[in-house]
Amino acid sequence: MSIASTAAWKALQRHAREVERLSLRDLLADPRRCRRMTVEHDGVLLDSSRQLATPETVRLLLALGREAGLKRKLGAMRRGARINRTEDRAVMHVALRAARGTEYRVDGEDVVPEVHRVIRKVRRFAEEVRSGTRRGATGKKLTQVVSIGIGGSYLGPEFAAEAFRTDPACAKAARGRELRFLANVDPIDAHLALDGLDPERTLAVIVSK
């Protein structure tokens with residue numbers, strides 16, 4: 001059954017029409033509502049108060065999650081089940097974020113050690129680029145980076161780059177370097193992303209999940 005045909009979805013649709021008539025300015029003026037729209041866990045703050053939404057919106061979204069069996073599906077993901085029906089494979093987001101020593105089995109095999117082996121390899125490569133021991137094809141130091149990725153492969157790295165940009169230590173370490181993002185197959189976008197770069201000093205990083 002399509003999720004759009006459930007009672008929870010229809011209730012959310014009705015609520016959405018009601019919320020459209022509200023003013024975000026008025027919602028932000030309600031301190032009780034703002035407190036209820038904010039949650040913190042393990043040092044991460046999620047603030048939904050600046051969205052055109054209310055605590056009732058959150059309640060209805062949680063109801064939709066229960067209707068969709070979200071908790072059961074998250075459990076299947078953590079168990080390494082093949083929930084990616086398109087490619088008939090496990091969705092290994094959990095493994096990619098797992099701490100060293102954590103066990104995450106797919107088809108009976110713990111994949112976490114392999115994840116950390118690749119992480120170490122990526123870190124070593126990055127350190128070699130930063131130090132200048134790994135250079136471009138003509139021997140020049142790599143000071144310009146183009147991150148090539150579409151969708152989540154673009155947004156994740158850009159969000160991380162924007163967050164690190166305001167950190168003093170990160171900004172100091174990045175001084176003299178340039179980072180650009182190519183997130184579209186459109187030739188005009190490619191021209192804008194690559195314009196002015198020195199091919200001898202440019203590293204292209206292809207990001208793909």
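What you are looking at is a predicted structure, and each value in this text was computed from that prediction instead of being measured. Residues take their numbers from the sequence shown, with the count starting at 1.
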Point-to-point distance, once rounded to the nearest 0.5 Å, from [atom1] of [X] to [atom2] of [Y]:
X: R14; Y: L60; atom1: CZ; atom2: CG; value: 9.0 Å
X: L62; Y: E67; atom1: CG; atom2: CD; value: 13.0 Å
X: L203; Y: R177; atom1: CG; atom2: CZ; value: 10.5 Å
X: R97; Y: T102; atom1: CZ; atom2: OG1; value: 13.5 Å
X: F125; Y: T133; atom1: CZ; atom2: OG1; value: 10.0 Å

Transitively linked via ILVMFWY side-chain contacts under 4.5 Å: [X] with [Y]?
X: M92; Y: V94; result: yes
X: Y154; Y: L192; result: no
X: L70; Y: V91; result: yes
X: V145; Y: L182; result: no
X: F164; Y: L45; result: no

Would you check if L74 and M77 make a side-chain contact, meaning some heavy-atom pair closer than 4.5 Å?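 A side-chain contact exists here, since the closest heavy-atom pair is under 4.5 Å.
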For [X], does the [atom1] atom have more than 12 heavy-atom neighbours from other residues, nucleotides or ligands under 6.0 Å away?
X: L46; atom1: CG; answer: yes
X: R50; atom1: CZ; answer: no
X: E162; atom1: CD; answer: yes
X: I206; atom1: CD1; answer: no

Look at the side chain of [X] and the backbone N and O of [Y], then say whether any donor-acceptor pair between them is shorter than 3.5 Å.
X: R201; Y: K140; answer: no
X: K73; Y: A68; answer: yes
X: H116; Y: G101; answer: no
X: R33; Y: A53; answer: yes

Take E109 and D107 through the test side-chain contact (heavy atoms from CB on, under 4.5 Å) and record every step on the way to the result. CA-CA 6 Å; E109 181 183 353; D107 296 332; 5.8 Å; no
Checking side-chain contact (heavy atoms from CB on, under 4.5 Å) for the pair H191/I188: CA distance, chi angles, key distance, verdict? CA-CA 5 Å; H191 172 75; I188 294 176; 5.6 Å; no
Quick one: hydrophobic cluster around V19, which other residues, with the 4.5 Å side-chain cut-off, linked directly or via members?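 Answer for V19: L22, L24, L27, L28, L52.
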Heavy-atom pair of closest approach, residues [X] and [Y]:
X: G80; Y: A90; answer: O-CB, 3.5 Å
X: W9; Y: A4; answer: CD1-O, 3.4 Å
X: F181; Y: E158; answer: CZ-CA, 3.5 Å
X: V115; Y: A95; answer: CG1-O, 3.7 Å
X: A183; Y: D189; answer: N-OD2, 3.7 Å
X: P157; Y: G152; answer: CD-O, 3.9 Å

Out of D198, T202, V129, which one pairs with L142 under the side chain to side chain contact (heavy atoms under 4.5 Å, CB included) rule?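 Single side chain to side chain contact (heavy atoms under 4.5 Å, CB included) partner of L142 among D198, T202, V129: V129.
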Please step through side-chain contact (heavy atoms from CB on, under 4.5 Å) for the pair E178 and L197, ending with a clear verdict. CA-CA 9 Å; E178 184 178 4; L197 294 179; 4.1 Å; yes
Checking side-chain contact (heavy atoms from CB on, under 4.5 Å) for the pair T57/T54: CA distance, chi angles, key distance, verdict? CA-CA 5 Å; T57 311; T54 69; 3.3 Å; yes
Looking only at side-chain N and O atoms, does T138 offer a donor or acceptor that is under 3.5 Å from a partner on E200?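 Short answer, yes.
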R59 and E56: salt bridge (Lys or Arg N to Asp or Glu O under 4.0 Å), yes or no, with the steps? CA-CA 5 Å; R59 187 189 72 78; E56 176 67 4; 2.8 Å; yes
Tell me, which pairs form a salt bridge (Lys or Arg N to Asp or Glu O under 4.0 Å) where one or both residues lie in residues 114-139, sequence neighbours left out?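 Counting only pairs at least two positions apart or across chains, the salt bridge (Lys or Arg N to Asp or Glu O under 4.0 Å) contacts touching residues 114-139 are E114-R117, E128-R134.
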